[in-house]
Amino acid sequence: MFNKRVKIKELLAQEPQHQEVTVMGWVRTFRNNQFIALNDGSTNNNLQVVAELGRFDEALLRRITSSASLRVTGKIVPSLGKGQKMDLQAETIEILGDSDPDKYPIQLKNRPTLEYLREVAHFRFRTNTFAAVFRVRHALAFAVHKFFNEKGFVYLHTPIITASDAEGAGEMFRVTTLPVDGSAPRNEDNSINFREDFFGRSTNLTVSGQLEGELGATAFGEIYTFGPTFRAENSNTARHLAEFWMIEPEVAFNDLEDNANLAEEFIKYIIRYAMEHNREDLDFLSQRLAEEEKQLPQDKRSEMGLIEKLEFVINNQFERLTYTEAIEILRESNYNKKKKFQFPVTGWGMDLQSEHERYLVEKHFKKPVILMDYPKEIKAFYMRQNDDGKTVAAMDILAPGIGEIVGGSQREERLDKLTERMGEMDIPTEELWWYLDTRRFGTVPHAGFGLGFERMVQFVTGMGNIRDVIPFPRTPKSAEF
RNA sequence: UCCUCCUUAGCUCAGUUGGUUAGAGCAUCUGACUGUUAAUCAGAGGGUCGCCCGUUCAAGUCGGGCAGGGGGAGCCA
């Protein structure tokens, strides 16, 4: 009985010809004691249910309130009104669940802010903006798997609990079953004795699946991971989360250029997929963004609308240049000469500040930029050393409005070079014996990258805050829901 | 973690140089109307002005501390 319902999205695609249907969903608005805008989450477009005057009990109509859930049966007829092509002429209306309008926290007519909706995140999917965002998120996630599957990659589940703390990718969350009240077993020097812990050693939540990914790549040829990642950094920004989802492909026999090609093709593919399958939601989000930007001063508004921006990205080559070239552009820029940068461009070897990256992406090139070959001092130990002795085969992709969306590199496959670098950077080689073994037995050139999924969702939906593109955000001092 | 701004009704916000009973729109409730499109019209209820301490005859308003949130920065994806 219940599964006989028709989805509103399918219904709206049909022609009204007095077909008998059952729909179920949640009330968005109830106008004129007669017209119910019903939404079932399949689309932002509501079905107009008409409860003919006098046909239904006063007591029943009283219960049709914002977000009450209904089962309605009736006939689909051409609408007499102007805003929609069809109505559902209700024959029976059943309240599945009441919603007390005095207590329900979201009144759509009040234009609740994104910040407020974050406080009632358990209901925010019932708003058009969040419904659109999370349907697009779904499409992008699905496209990730589709892309790699079509290319023959193996989806490898790397561990969420890891023992190595040698990756240097940031602060970690400890995983333990030892008591936290001070009664944990101690060593002679009073440090915690983790041999007594669940895993018999100190463990953490993963900050990256890359090292394990490399183990897969050097057997399957190409793998990707797509899973949760955890960073215990005290980062309070619109683009950081303590728990986020990362996609990490790793490919044997690829060099840095292959790596950049893969990343660019991948990004374009998943955007195109969302454009083809979720056009309505993207149109809605594009409009939402335009509305929001109307309130900004002219010079702060985007030059392109959301749809326009996405089309531009999928139809144009990303700009590729080396770190060294980027430093030159920045040094020669009028911005730098007029001392408009907060951090002056001092010269080769400096780490790029986000204002520098933004200048390159948003002012100079006005498109996504792939920066390659960074000084080895500012990059991780596993990146392949270039012949110049100064740089490593690193690659960052910077997206307009978001900043770094991809970080990757060709990996150092030469055992001696790798261990030498680990020594210089105080990375314990003993702990990573299994990682180094790939360089001892059949080592191959290989490369990979990490793409922050939420940042990608931000880019595609135009949402300014990363907390609004993950269903239940985890950030410092915040883990409700 | 640093800089900066904010916190007043269920929501979004006004609130003057400190001064009597703190306002509006929307939401909610009651009534009217009935092919509406954020329906409309009339009326009603709704406040420990984030929390604590201080200055003052008097604090929503001034000062200090704390908490939460926004924007920017760092770390990064």
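Naming convention: chains lettered A, B, ... in sequence-line order (proteins, then strands); numbering from 1 in each chain. Just so you know, these numbers use all the heavy atoms, side chains as well, and skip hydrogens, waters and symmetry mates.
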Looking at every strand, decide which applies to L108(A) at a 4.0 Å heavy-atom threshold: base, sugar-phosphate, or nothing.
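L108(A): no heavy atom of the nucleic acid under 4.0 Å.
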At 4.0 Å (heavy atoms only), tell me whether N236(A) reaches a base, stays on the sugar-phosphate, or touches nothing.
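Base contact.
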Within the structure, does a side-chain N or O atom of [X] lie under 4.0 Å from either OP1 or OP2 of [N]?
X: R62(A); N: U28(B); value: no
X: T237(A); N: A73(B); value: no
X: R467(A); N: G70(B); value: yes

For [X] and [N], give me the distance from atom [atom1] to atom [atom2], rounded to whole Å.
X: E355(A); N: C76(B); atom1: CD; atom2: C1'; answer: 17 Å
X: M395(A); N: A77(B); atom1: CE; atom2: C1'; answer: 12 Å
X: I106(A); N: A27(B); atom1: CD1; atom2: P; answer: 16 Å

Counting only N and O atoms by type, is there a donor-acceptor contact under 3.5 Å from the side chain of Q458(A) to the main-chain atoms of I402(A)?
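Side chain of Q458(A) to backbone of I402(A): no pair is present.
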Is any side-chain N or O of S235(A) under 3.5 Å from a base N or O of C76(B), one able to act as donor and the other as acceptor?
no
Assess whether one donor atom and one acceptor atom, taken from the side chain of E233(A) and the base of U1(B), lie less than 3.5 Å apart.
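Looking at the base of U1(B), it does not pair with any donor or acceptor on the side chain of E233(A) (distance under 3.5 Å).
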Taking both distances under 3.5 Å as the test for a Watson-Crick or G-U pair, what stems of at least three pairs does RNA chain B have?
B:1-7 with B:67-73, B:10-13 with B:23-26, B:28-32 with B:40-44, B:50-54 with B:62-66
What residues, two or more places apart in sequence or in another chain, satisfy ring-ring contact (aromatic ring centres under 6.0 Å, His included) together with [X]?
X: Y374(A); answer: Y323(A)
X: F341(A); answer: Y335(A), H356(A), Y359(A)
X: F123(A); answer: Y104(A)

Residue pairs passing the side-chain hydrogen bond (donor to acceptor under 3.5 Å, both in side chains) test where at least one lies in residues 128-138 of chain A, sequence neighbours excluded:
R28(A)-N128(A), N44(A)-R135(A), R135(A)-D281(A), R137(A)-E454(A)
Hey, can you pull the residues of [range] with a non-hydrogen atom under 4.0 angstrom from RNA chain B?
range: residues 473-481 of chain A; value: K477(A)
range: residues 342-351 of chain A; value: none
range: residues 78-91 of chain A; value: S79(A), L80(A), G81(A), K82(A), G83(A), Q84(A), D87(A)

Without placing hydrogens or testing angles, list every side-chain donor-acceptor pair under 3.5 Å for residues 343-351 of chain A, not counting sequence neighbours.
{"residue": "W348(A)", "atom": "NE1", "partner": "T324(A)", "partner atom": "OG1", "Å": "2.9"}

Filter on salt bridge (charged side-chain N to carboxylate O under 4.0 Å, His left out), then keep only pairs touching residues 72-93 of chain A, sequence neighbours left out; what's left?
E15(A)-K85(A), E20(A)-K75(A), K75(A)-E91(A)
Using the six-membered ring of F312(A), assess whether NZ or CZ of K366(A) lies under 6.0 Å from its centre and within 45 degrees of the ring axis.
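No cation-pi geometry.
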ring-ring contact (aromatic ring centres under 6.0 Å, His included) partner of F453(A), chosen from F244(A), F226(A), F266(A):
F226(A)
Excluding sequence neighbours, so at least two apart, what forms side-chain hydrogen bond (donor to acceptor under 3.5 Å, both in side chains) with R55(A)?
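side-chain hydrogen bond (donor to acceptor under 3.5 Å, both in side chains) list for R55(A), sorted by chain: empty.
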Between the protein and nucleotides 7-11 of chain B, which nitrogen or oxygen pairs come in under 3.5 angstrom?
{"residue": "G10(B)", "atom": "N2", "partner": "N110(A)", "partner atom": "ND2", "Å": "2.5"}

